[in-house]
Amino acid sequence: MDLRSLPKAELHLHLEGAAEPETLCRIVAGLTVEEARARMRFRDFGEFLQAFKWVHGCLRRPEHFALVMRTLAERLAEQGVRHAEINVSAGVLLWRGLPLDEFFPAIAEAAAQGPVPVQFIFDAVRQFGLDHVRATAEAAVRWREHGVVGFGIGGDEARGPARAYREVFEFVRRHGLAAVPHGGETTGPESVWEALECGARRIGHGIRAIEDPALMEELRRRDVPLEICITSNVCTGAVRRLEDHPVRRLFEAGVPLVLNTDDPALFQTTLVREYELARDVFGFTDDELRQLAENSFRYALAASPLS
C-alpha cells in the first residue's frame, strides 16, 4: 500500500514544533542550519521542553508564525493529509507577553491560503498555574468562530495535573470547544483518568493507559481515542526503546487510536513515517493501517474531508 497517497488526518501536531531548521534560518539573522539543529537536539523530556522553548523564542512576529504555518501546510499536503487540527501554543505566547489577538490571525490567514483544511487547538502550559490556563482558555473561546475547535494543556504533567483545571475544561466545553488534554505521556495512568474526568474528547499520547486494564476498558466504553505519537515517545524517553512502545498492545486491546507526529521538525519525522513504523516495527497490516487512517477522520473535532 502506498502510505503517502493514503488519505489521512493529522490530529496531534504542534505548530511551533513543526518549525524546520531551514525555516528558522530565514527568520533569525545569522543562524545556520547546523546551529539550529544543534539547539533542537535533546536527550530527555526536560531537554525537549527547553528545545521547544528555544524554537518558540525564535518566532517573534506574526509573519514568523505565518511562515511556519505555510511551510507546514505544504508538508502536510505532501504526506497525503486531507485535514489537520494544529495545536498553537497560545499559552506560551501569553507567557511571553505577545499579543495573541494579533498573532493568531496571521496564523489563521496563512492556513486558510494553504492546500490542507486546518482547524486549531489552543494549548496552555499546565505547570504555569490556574490563572495562566484560564487566560488561555478564554482566548480559545474568543477565537472559536475563527477556526479554534479545541483547548488542551501540555507541558510537565507531574507539575500540572489535569484535575486542577477541571473547572477550566468545563468552561470551554460550555462554550462549544472540545477538551483535548495531554495525559499519560510521562506520568502514569492516573493522568489519563484525570483527562477523562475533565471530559476529554481525545487524549494526547495516553500511552500509560496500557498499565491499567480498567482504564483501557473505560476508553473503549467512552470511545475516547489516544493520539499516538510513536517517534515522539521514543525521542523524549517516554518509552525506553522503539520496540517497547505499547501501540500494538493498545490497538489489540481495542483502545481507539490515531497516529500523529506531535512535533515533526523536532522529532525529525513525518506522518508517513509514523505509519511506516506501525507497519514495519509493530506489524500493522494494510487493513489495520486503513483503520487508523479512517480513525483520524472519525475522531476529528469538527467536519472534515472523508469523515
Side-chain angles (χ1 to χ4, degrees), residues 12-19 39 42 44-60 62 64-65 68 86-104 107 120-144 148-175 177-188 190-195 197-200 202-206 227 229 232 236-238 262-263 266:
H12 187 120
L13 169 61
H14 295 268
L15 175 64
E16 300 85 354
R39 294 299 299 266
F42 49 89
D44 55 29
F45 188 75
E47 290 187 3
F48 159 71
L49 292 179
Q50 291 304 309
F52 186 93
K53 179 181 176 182
W54 177 81
V55 170
H56 206 290
C58 291
L59 310 176
R60 300 182 301 277
H64 297 164
F65 286 84
V68 174
I86 297 176
N87 278 270
V88 174
S89 295
V92 178
L93 281 168
L94 294 175
W95 172 75
R96 291 176 62 191
L98 298 175
L100 176 62
D101 291 346
E102 295 178 14
F103 277 65
F104 179 65
I107 298 169
F120 295 97
I121 296 164
F122 275 13
D123 203 45
V125 185
R126 61 200 307 155
Q127 68 266 27
F128 285 2
L130 183 58
D131 289 344
H132 163 86
V133 173
R134 185 185 292 116
T136 309
E138 290 170 350
V141 169
R142 192 163 62 247
W143 285 100
R144 68 188 185 279
V148 177
V149 294
F151 168 78
I153 51 174
D156 189 338
E157 287 178 72
R159 294 166 56 201
R163 184 177 291 116
Y165 307 116
R166 185 167 182 171
E167 68 177 72
V168 179
F169 283 109
E170 291 174 352
F171 165 75
V172 296
R173 289 165 57 209
R174 284 198 309 271
H175 286 84
L177 298 183
V180 283
H182 291 55
E185 178 185 11
T186 56
T187 61
E190 68 279 358
S191 181
V192 182
W193 279 113
E194 290 184 14
E197 291 171 11
C198 291
R202 296 194 310 254
I203 296 172
H205 302 286
E227 302 162 352
C229 310
S232 165
T236 63
D262 199 5
D263 299 277
L266 282 161

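From a predicted model like this one, the values you see are computed outputs, not experimental measurements. Below, each value reflects all heavy atoms present in this structure, side chains not excepted, and no hydrogens, waters or symmetry copies. When a residue number appears, it is its place in the shown sequence, counting from 1.
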Inset, instruction - Specify the closest pair of heavy atoms between V172 and A137, including all atoms of both residues, with the distance to one decimal. - result: CG1-CB, 3.6 Å
Legend entry - Flag, side chain of T136 to backbone of H132, donor-acceptor distance under 3.5 Å: yes
Inset, instruction - Identify the residue among I107, D263, D123, L59 that makes a side-chain contact (heavy atoms from CB on, under 4.5 Å) with L15. - result: I107
Inset, instruction - Taking all heavy atoms of G206 and all of V192, pick out the closest pair and write down the distance. - result: CA-CG2, 3.9 Å
Inset, instruction - Answer yes or no: is there a side-chain heavy-atom contact under 4.5 Å between F104 and V148? - result: yes
Inset, instruction - May I ask you to test the F128-V133 pair for a side-chain heavy-atom distance under 4.5 Å? - result: no
Inset, instruction - Decide yes or no for V55 and H14: does some side-chain heavy atom of the first lie under 4.5 Å from some side-chain heavy atom of the second? - result: no
Legend entry - Rounded distance [0.5 Å steps], CG in L100 versus CZ in R142: 6.5 Å
Legend entry - Test side-chain hydrogen bond (donor to acceptor under 3.5 Å, both in side chains) applied to H182 and R126, step by step: CA-CA 10 Å; H182 291 55; R126 61 200 307 155; 5.7 Å; no
Legend entry - Minimal non-hydrogen separation, S232 against H205, with atom names: OG-CE1, 3.8 Å
Inset, instruction - Enter the distance from I153:CD1 to Q127:CD here, rounded to the nearest 0.5 Å. - result: 10.0 Å
Legend entry - Shortest non-hydrogen separation from S191 to G183 and the atoms involved: OG-CA, 3.5 Å
Legend entry - CD-CD distance between E167 and E170, expressed to the nearest 0.5 angstrom: 8.0 Å
Legend entry - salt bridge (charged side-chain N to carboxylate O under 4.0 Å, His left out) against E194, all qualifying residues, sequence neighbours excluded: R163
Inset, instruction - Could you please spell out the steps behind the ring-ring contact (aromatic ring centres under 6.0 Å, His included) verdict for W143 and F122? - result: CA-CA 10 Å; W143 285 100; F122 275 13; 7.8 Å; no
Inset, instruction - Could you grab the distance from atom CD1 of I86 to atom CG of L13, nearest 0.5 Å is fine? - result: 5.0 Å
Inset, instruction - Using salt bridge (charged side-chain N to carboxylate O under 4.0 Å, His left out) as the criterion, list what pairs up with E185, not counting sequence neighbours. - result: none
Inset, instruction - Taking E227 for its side chain and H12 for its backbone only, find out whether a donor-acceptor pair lies under 3.5 Å. - result: no
Inset, instruction - With rounding to the nearest 0.5 Å, note down the distance linking CH2 in W54 to CZ in F42. - result: 13.0 Å
Legend entry - Contact check, side chains of V141 and F151, non-hydrogen atoms, under 4.5 Å: no
Legend entry - Closest heavy-atom pair and its distance - R159, P161: C-CD, 3.8 Å
Inset, instruction - Could you grab the distance from atom OG1 of T186 to atom CZ of F48, nearest 0.5 Å is fine? - result: 11.0 Å
Legend entry - Main-chain N/O of S89 paired with E16 side-chain donor or acceptor, under 3.5 Å: yes
Inset, instruction - Looking only at non-hydrogen atoms, find the nearest pair between R96 and F65 and report the distance. - result: NH1-CZ, 4.5 Å
Inset, instruction - State, with a plain yes or no, whether a side-chain heavy atom of H56 is found less than 4.5 Å away from one of L93. - result: yes
